[in-house]
Amino acid sequence: MNTVTQTGRQETAAPAIELRGISKAFGPVQANKDISIRVMPGTIHGIIGENGAGKSTLMSILYGFYKADAGEIFINGNLTPIPDSQTAIRAGIGMVFQHFKLVQNFTVLENVILGAEDGALLRPSLSKARGTLKRLAEEYELNVDPDALIEDLSVGHQQRVEILKALYREADILILDEPTGVLTPAEADHLFRILENLKREGKTIILITHKLREIMHITDTVSVMRRGEMTATVKTAETSPEKLAELMVGRKVLLRVDKKPAAPGANVLEVENLRVVDEDGVERLKGISLNVRAGEILGIAGVAGNGQSQLLEVLGGVAHGTGSIRIKGQEIDLTGKHSDAQSRRARGIAHVPEDRQREGLIMDFTAWENSVFGYHHDPAYQKNKFLMDNAAIQNETEGKMERFDVRPPDPNLPAKSFSGGNQQKIVLAREIERNPDLLLIGQPTRGVDIGAIEFIHQQIIELRDAGKAILLVSVELEEILSMSDRIAVMFDGKIMGERLPQETDEKELGLLMAGVNGEVA
Amino acid sequence: MDFATVLQVFDSTVRLATPLLLACLAGLYSERAGIFDIGLEGKMLAAAFFSGAVAAVTGSVWLGLLAGIAASMALSGIHGLASITFRGNQLISGVAINFLAAGLTVVIAQDWFQQGGRTPSLVGGARFSPIELPFAEAVKDVPIIGQTYYQLISGHTALVYIAFAMVPLTWWLLFRTRFGLRLRAVGENPAAVDTAGVSVIGIRYAAVAICGLLCGIAGAYLATALQAGFVKDMTAGRGYIALAALIFAKWRPWYALSSTLLFGFLQAIALRYQNIDLGGFVVPVQFMDALPYILTVVILAGFVGKAIPPRAGGEPYAKER
Amino acid sequence: DPALIYDLGGKFDKSFNEAAHVGAEKWKADTGNSYNEIELQSEAQREQALRRFAEAGNNPIVMTGFAFGSVLGEVAPDYPDTKFAIIDMVVDAPNVRSVVFNEHEGSYLVGMMAAMASESGTVGFIGGMDIPLIRKFACGYVQGVKAANPDATIIQNMTGTTPAAWNDPVKGGELTKAQISQGADVVYAAAGGTGVGVLQAAADEGILSIGVDSNQNHLHPGKVLTSMTKRVDIAVYDAFAGGMDLETGFNVLGLAEDGVGYAMDDNNAPLVSDEMVAAVEAAKAKIVAGEIAVHDYMSDNACPVK
Amino acid sequence: MERMPKWADVVLIPLISLLIAFILSGLVIIAIGEDPVAAVQMMVKGAVGSTYGWGYTLYYATNFMFTGLAVAVAFHASMFNIGGEGQATLGGLGVAVVCLALPWPHWAIALPVAVLGSALFGALWAAIPAYLQAKRGSHIVITTIMFNFIGASLLNYLLVNVMRPVGSMDPATAKFSEGTHLPTLHDILAVFGIPFSKAAPANISFIIAVLACFGVWLLIWRTRLGYELRAYGKSEPGAVYAGISPVKIIMVSMLISGGLAGMMAVNNVMGEAERLVMNSVEGAGFIGIAVALMGRSHPFGVFLAAILFGFLYQGGAELALWTSIPRELIVVIQALVILFTGALDNMVRVPLEKLFLTLRKEDV
Ligand SMILES: Nc1ncnc2c1ncn2[C@@H]1O[C@H](COP(=O)(O)OP(=O)(O)OP(=O)(O)O)[C@@H](O)[C@H]1O
Ligand SMILES: Nc1ncnc2c1ncn2[C@@H]1O[C@H](COP(=O)(O)OP(=O)(O)OP(=O)(O)O)[C@@H](O)[C@H]1O
Ligand SMILES: [Mg+2]
Ligand SMILES: [Mg+2]
């Protein structure tokens with residue numbers, strides 16, 4: 001398969017990278033199954049796939065971070081076993097991981113030379129790197145202060161450091177794993193400019209992303225992964241987002257949600273001037289005011305890290321803040337002894353957290369133990385003053401699992417042995433069946449397969465139609481647009497503006513998310 | 001307190017601080033590389049025994065020193081195996097090593113020497129003897145400076161000078177060399193080191209080995225320099241105090257020097273003054289004995305500034321969950 | 001078989017327990033019989049050791065150290081057919097022999113020698129544990145020092161307050177150095193295994209020391225002035241020799257019985273002048289004769305001289 | 001999907017680890033020129049060969065049950081309490097205070113108060129490290145170690161200067177009065193006509209320890225508090241999300257843990273010595289770590305492991321008595337058990353997991 005690259009060079013050259021029959025299992029999980037792929041030099045090759053499809057694993061194998069159980073790697077046509085990252089670097093591969101691999105309290109310079117020092121003493125390496133960095137910065141628009149500590153840099157800048165690390169090691173092949181998840185649209189655009197530059201220099205780039213828009217925008221070819229397998233590799237020019245989505249999920253996808261127009265009632269939640277300062281003393285919420293009415297879904301859009309998480313946490317009683325929160329007109333205790341999550345639940349607030357594995361569930365607890373998590377004080381679950389009524393809880397859980405179609409419907413399995421979608425259903429069943437006045441819900445469909453997504457969306461809409469207030473936080477603009485009755489966009493701890501879904505589009509929201517063009521609410 | 005007494009107390013401080021300093025620096029290497037080590041005590045104890053035993057048998061203190069280092073490094077190896085290779089709980093491994101040393105030293109000592117868990121007393125070349133620095137004798141009567149030089153600076157065993165020299169050396173190694181950069185990085189974010197193409201395991205083992213080496217010297221100092229032979233449990237909690245000093249020192253070499261000197265000073269005072277009379281109120285000796293531990297708790301509670309340990313400390317590095 | 005239980009510190013403490021060991025070994029060599037022994041590791045083991053030996057039919061059972069007192073008081077009635085001997089403590093039971101020594105008398109003699117050997121006029125005392133028994137040593141010593149040199153200064157330290165203090169040579173050594181810095185040039189250690197550290201430090205620093213319980217002169221020939229011998233070996237030997245018919249009751253060993261004394265041998269001969277020997281012998285005679293009454297601290301828990 | 005069956009995790013792995021520890025211990029015995037088979041025979045005979053031996057084995061086991069439970073309860077809340085030694089020491093103080101405070105007419109009245117006293121003092125000694133961990137983030141492992149030392153010094157001071165009867169040379173309290181003497185197993189079993197050695201110190205505390213095992217089981221797996229404790233132990237963010245206060249859990253779990261460790265004193269101080277002596281805990285606080293690790297923090301596992309260690313302890317004492325193998329051999333065995341069941345767990349686990357994985361693949 002010879003691909004015509006956009007630069008038109010070397011039409012029959014050997015692929016820069018060829019993987020053959022790569023397999024990798026983590027214990028019982030088969031993350032990669034017999035994967036083969038070819039990436040031509042001087043191209044940008046996209047890889048897409050749902051969460052857990054095995055994208056990061058595959059790239060980590062290429063970078064020598066994991067060892068494959070089977071398979072071969074060819075670099076520029078030569079069989080090149082890559083047992084460790086050292087070998088990968090020598091073979092000219094650089095990788096920017098989904099989670100950055102930087103030493104937080106080192107300077108940029110120290111991070112760049114780490115592992116690529118010349119000689120046993122630091123001083124010469126440092127001065128040499130300083131020069132090289134300056135050159136690279138000019139060449140590729142990659143400006144960072146070489147003496148800044150990583151922990152003082154923004155995510156965007158940290159990412160630049162990662163790219164600089166790869167370039168400093170003279171990488172010809174650059175792998176980027178979901179580089180835009182943490183970037184504002186403007187930062188993402190800057191990154192794409194850099195990638196174009198690199199490509200022009202003849203470098204080969206592999207880009208993992210969830211955003212079909214980005215794939216269509218920048219890649220030459222795209223590979224689709226599903227459940228550890230490589231399902232297709234196509235030229236970007238010859239495909240469409242709809243086709244890619246279908247390849248990803250394995251069947252036709254319904255992107256729109258069916259719902260009746262909202263019939264909002266009285267205010268359930270009123271928030272005024274809410275502020276949060278985190279442990280490091282950084283102000284994460286800078287005076288948020290909003291309200292949610294009964295029978296209404298308020299969607300909060302924003303790039304991850306702009307305070308949405310803090311908003312959910314304060315409302316849910318997980319974090320502390322100042323300001324005022326009223327539920328059905330009654331003031332909520334924000335700092336005193338009733339400021340914990342338990343008290344919030346008592347006031348009719350249910351909370352589906354953004355990170356179900358870290359917060360929403362105890363992974364080692366059984367499904368039935370998890371199904372009362374947070375509500376374990378409810379008298380219905382007590383046998384007497386001292387003992388819990390485990391049998392009653394198990395019984396109830398069986399019913400919930402059936403109604404929410406959790407598979408397998410076994411209350412005695414530990415949470416960790418359910419798939420992501422089913423874990424999410426356990427959490428949703430728990431929170432929704434409490435019939436709360438206000439449901440806080442973060443990233444409801446993160447890592448959930450498309451079938452489950454439809455079900456979850458339906459449940460949320462049903463709750464709305466039952467006259468409950470819902471605050472929905474999601475980084476997926478599509479989800480926000482299709483689910484919300486009103487949309488508020490957050491940027492840098494503030495609300496940049498409010499829109500009605502039918503009166504706005506992804507472009508306008510994207511600008512608001514980047515902090516431009518909005519009247520500060 | 002007259003000047004001579006002050007000198008004496010400081011002299012005693014230096015002697016008592018030396019094993020703490022060595023053990024503290026040992027812990028520094030290990031913990032800077034992300035391996036917590038509460039087994040300093042056990043390693044010192046093992047080294048004390050083997051150095052004492054071998055010195056007693058061979059009559060050579062240097063062979064003793066080597067044996068002590070070897071024993072300590074062997075325990076380091078176990079700690080490395082448990083916490084690096086098998087990714088076990090570092091605290092539990094440290095506890096086990098302390099017990100192992102406490103038990104084995106006595107069992108072996110009893111088997112070798114039948115003296116109730118001690119080694120024979122060391123004499124002559126089986127012990128480190130004090131080194132007289134140049135001109136010490138000549139200036140010993142010069143007030144203040146000469147006295148200080150003669151009494152306090154001169155006249156310690158080689159290991160004391162080694163211990164103090166380790167401070168700048170450690171600083172240089174950690175902050176001025178490639179090895180130091182990698183070692184510190186591995187304690188902060190091992191994944192960063194790994195993806196930079198450097199072996200995390202290699203660096204961590206190296207750090208743990210240096211830790212063993214220094215603990216070995218510390219133990220040998222106890223049995224062959226400070227004392228003339230091994231007696232059971234002779235480390236008497238020094239490993240834990242060293243650990244406390246390490247936290248106090250915020251994992252930095254120069255601070256380690258001052259914190260171990262402080263603890264050495266406390267011990268010297270407690271030794272010299274049994275019941276300290278503070279104008280009517282007598283501080284009981286038990287309080288003085290417990291003071292280093294109390295101080296540690298106070299430090300840990302953050303009343304004397306916050307100590308932030310290396311970020312990846314105590315966490316085994318596992319790529320695959 | 002008879003049995004012997006050593007107190008904490010162990011049988012090779014070069015001092016108290018070792019003296020007991022020597023006595024037992026001598027009995028073994030003399031009679032060709034065997035005996036059982038155990039070294040205690042912890043306070044709480046005392047009762048088990050006693051009972052175990054008694055259950056196993058060992059007789060008599062000898063134990064060294066006052067700390068067995070209360071335990072023995074309880075165990076002895078349970079084994080009326082077994083004979084017990086306890087050293088350094090009085091236990092009132094029909095099947096127990098209690099052996100105590102007049103340590104104050106022996107300490108008085110070595111105190112005199114210390115005062116006479118001292119050039120600085122300052123001598124030191126390092127006790128094991130701060131208990132009346134050791135105060136008894138200290139008080140006798142002080143009286144002896146003052147008798148020979150009324151102007152002498154005596155520095156006193158106790159190693160600790162727990163049994164661990166019997167076995168802490170490091171601390172013993174440091175205390176010695178501290179005393180030296182305060183001017184002491186003769187130091188008397190009544191501290192069991194801790195004394196090893198005291199004698200070592202004294203030898204290292206070039207001053208004289210005085211050993212205790214066993215003859216410790218040989219530990220640092222020419223550096224140990226003398227040793228206050230306490231013939232625990234004799235007490236043990238006698239108890240073993242008594243066998244099952246061991247005479248029970250109260251047994252005091254003082255200067256008169258040669259139960260305590262000062263050690264002279266080749267190792268310390270150059271250190272001890274004839275004049276010293278003469279003075280000490282004279283005092284000894286007077287004590288035996290009752291002309292000099294050395295105050296026993298334990299009689300009223302107080303010492304008349306400081 | 002689980003990597004391996006549960007029974008392998010809770011039974012097989014500890015057994016294999018234990019086996020390795022014992023084999024190595026055997027090698028140590030051989031290395032010092034003794035016969036391991038004879039040594040084991042002597043240990044078995046000494047520890048379980050007579051009611052006297054059983055009496056001591058169960059006496060030690062009682063201590064280890066309390067300290068093992070203490071470590072286990074804290075483990076469930078992901079606290080590593082190395083302070084059992086100090087807490088048990090202070091528990092002894094509590095027992096002594098109770099027993100010496102009043103002329104108790106009968107043990108049945110003194111016992112509950114002594115249990116409370118010991119638990120209270122033990123809990124108190126755990127409370128400070130717990131508070132510092134909860135509020136100031138001080139590392140509980142280091143603070144509890146420090147509190148072991150501080151506790152020893154405190155007790156030392158009290159025994160020497162305050163609680164020692166006038167004229168006594170031992171740093172120990174006076175003998176407790178007759179009314180506090182607990183019935184031994186000899187007394188208890190005599191009621192049923194079963195003969196049992198009079199000399200052995202095992203006493204009614206053993207029954208309390210067994211009840212404590214049951215109580216801890218109820219607490220951990222049947223109560224709301226246990227539920228919260230385990231939840232916090234598995235995930236702190238999860239606990240906060242559920243409205244479980246970390247401060248409360250840290251405090252409560254450590255108070256219970258310290259209380260259990262302190263209760264050990266009812267056995268050794270009130271039941272055996274009948275007075276408070278120095279270092280009466282004899283390392284039982286540390287052995288609790290090994291016991292909890294081996295017992296996988298489950299009360300029933302703790303019960304079994306405590307009996308095993310009681311056996312080792314008594315057997316080891318016999319060895320020390322009749323052979324030249326020092327008692328420290330037990331410390332070596334203990335160290336190896338901690339090492340293999342605790343720190344080197346993965347050495348056994350990983351190959352086993354692989355084995356089960358391949359077995360399962362073959363089944364499919
Ligand atoms: N280090 C690991 N140890 C064990 N299992 C892992 C590990 N890394 C990934 N997995 C599992 O392997 C599978 C593939 O994970 P991978 O991270 O490659 O997915 P991905 O496609 O990158 O997903 P995402 O879009 O969320 O980044 C998942 O089931 C994941 O849980
Ligand atoms: N200002 C507040 N903000 C949030 N929750 C609150 C507030 N006041 C009370 N709650 C919670 O609402 C529930 C009912 O409150 P109420 O004060 O009536 O209960 P209570 O039985 O009196 O509780 P307590 O004795 O703890 O005060 C409780 O669970 C409480 O924690
Ligand atoms: Mg990924
Ligand atoms: Mg109320």
Side-chain angles (χ1 to χ4, degrees), chain B residues 36 38 42 78-79 81-83 85-112 114 116-117 232 237 240-241 243-244 247 284-303 306 309 314 316, chain D residues 28-29 31-34 80 82 128-129 131-133 135-139 141-143 145-158 160-161 283 286-287 289-290 293 324-350:
Chain B
F36 280 169
I38 55 175
I78 295 178
H79 191 52
L81 201 65
S83 50
T85 304
F86 288 111
R87 303 197 296 267
N89 184 319
Q90 301 171 7
L91 296 171
I92 293 176
S93 167
V95 169
I97 282 172
N98 287 341
F99 281 120
L100 197 60
L104 270 187
T105 49
V106 177
V107 170
I108 300 177
Q110 183 61 15
D111 182 46
W112 286 2
Q114 281 94 35
K232 89 177 172 205
Y240 296 117
I241 296 189
L243 210 56
I247 296 168
V285 61
Q286 291 92 349
F287 180 78
M288 290 303 294
D289 285 341
L291 196 56
Y293 307 110
I294 296 173
L295 206 61
T296 306
V297 173
V298 172
I299 294 162
L300 276 174
F303 295 117
K306 196 143 182 69
Chain D
V28 171
I29 298 180
I32 60 174
E34 303 277 340
F80 190 15
I82 315 202
I128 306 168
Y131 179 83
L132 291 176
Q133 161 95 51
K135 288 287 190 184
R136 316 215 43 122
S138 328
H139 204 306
V141 171
I142 312 266
T143 40
I145 290 178
M146 297 299 144
F147 266 71
N148 287 340
F149 286 109
I150 299 171
S153 289
L154 175 67
L155 193 73
N156 181 331
Y157 173 78
L158 291 175
V160 170
N161 299 308
F286 291 117
I287 292 176
I289 300 168
L293 284 175
S324 61
I325 300 177
R327 205 177 140 136
E328 271 77 7
L329 182 70
I330 300 310
V331 180
V332 176
I333 298 178
Q334 178 192 343
L336 291 171
V337 170
I338 295 179
L339 191 65
F340 284 98
T341 58
L344 284 171
D345 187 67
N346 279 337
M347 193 172 85
V348 178
R349 181 182 300 274
V350 172

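Side chains are part of it too, since the values below use all heavy atoms of this structure and drop only hydrogens, waters and symmetry mates. Below, read A as the first sequence line, B as the second, and so on, with proteins coming before strands; counting in each chain starts at 1. As the structure is a computational prediction, the values presented were derived from the model and not from experiment.
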Under 4.5 Å from a heavy atom of chain B, the part of D:F340 involved: neither
Structural part of D:I289 lying under 4.5 Å from a heavy atom of chain B: side chain
Under 4.5 Å from any heavy atom of chain B - which part of D:N161: side chain
Interface moiety of D:V28 toward chain B, non-hydrogen atoms closer than 4.5 Å: side chain
side-chain hydrogen bond (donor to acceptor under 3.5 Å, both in side chains): pairs with one or both residues in residues 335-345 of chain D, sequence neighbours excluded: D:R296-D:D345, D:D345-D:R349
Region of D:A31 in contact with chain B, defined by heavy-atom distances below 4.5 Å: backbone
Student check: side-chain heavy atoms of D:V350 and B:F86 closer than 4.5 Å: no
Exercise: identify the closest heavy-atom pair between B:D111 and D:I32: OD1-O, 3.2 Å
Closest non-hydrogen atom pair between D:F149 and B:G237, with its separation: CZ-CA, 3.9 Å
Partner residues of B:N89 under the side chain to side chain donor-acceptor pair (under 3.5 Å) criterion, sequence neighbours left out: none
Contact summary for D:S138 and B:A301, nearest pair of heavy atoms: OG-CA, 3.4 Å
Nearest heavy-atom neighbours spanning B:L104 and D:V332: N-CG2, 3.4 Å
Contact class of D:L132 relative to chain B, heavy atoms under 4.5 angstrom: side chain
Which portion of D:I82 sits near chain B, non-hydrogen atoms under 4.5 angstrom: side chain
Region of D:I333 that comes under 4.5 Å of a non-hydrogen atom in chain B: neither
Atom OH of D:Y131 with >12 non-hydrogen neighbours under 6.0 angstrom: no
Heavy-atom contact with chain D under 4.5 Å, split by part of B:L291: neither
Worked check of side-chain contact (heavy atoms from CB on, under 4.5 Å) between B:I247 and D:H139: CA-CA 11 Å; B:I247 296 168; D:H139 204 306; over 6 Å; no
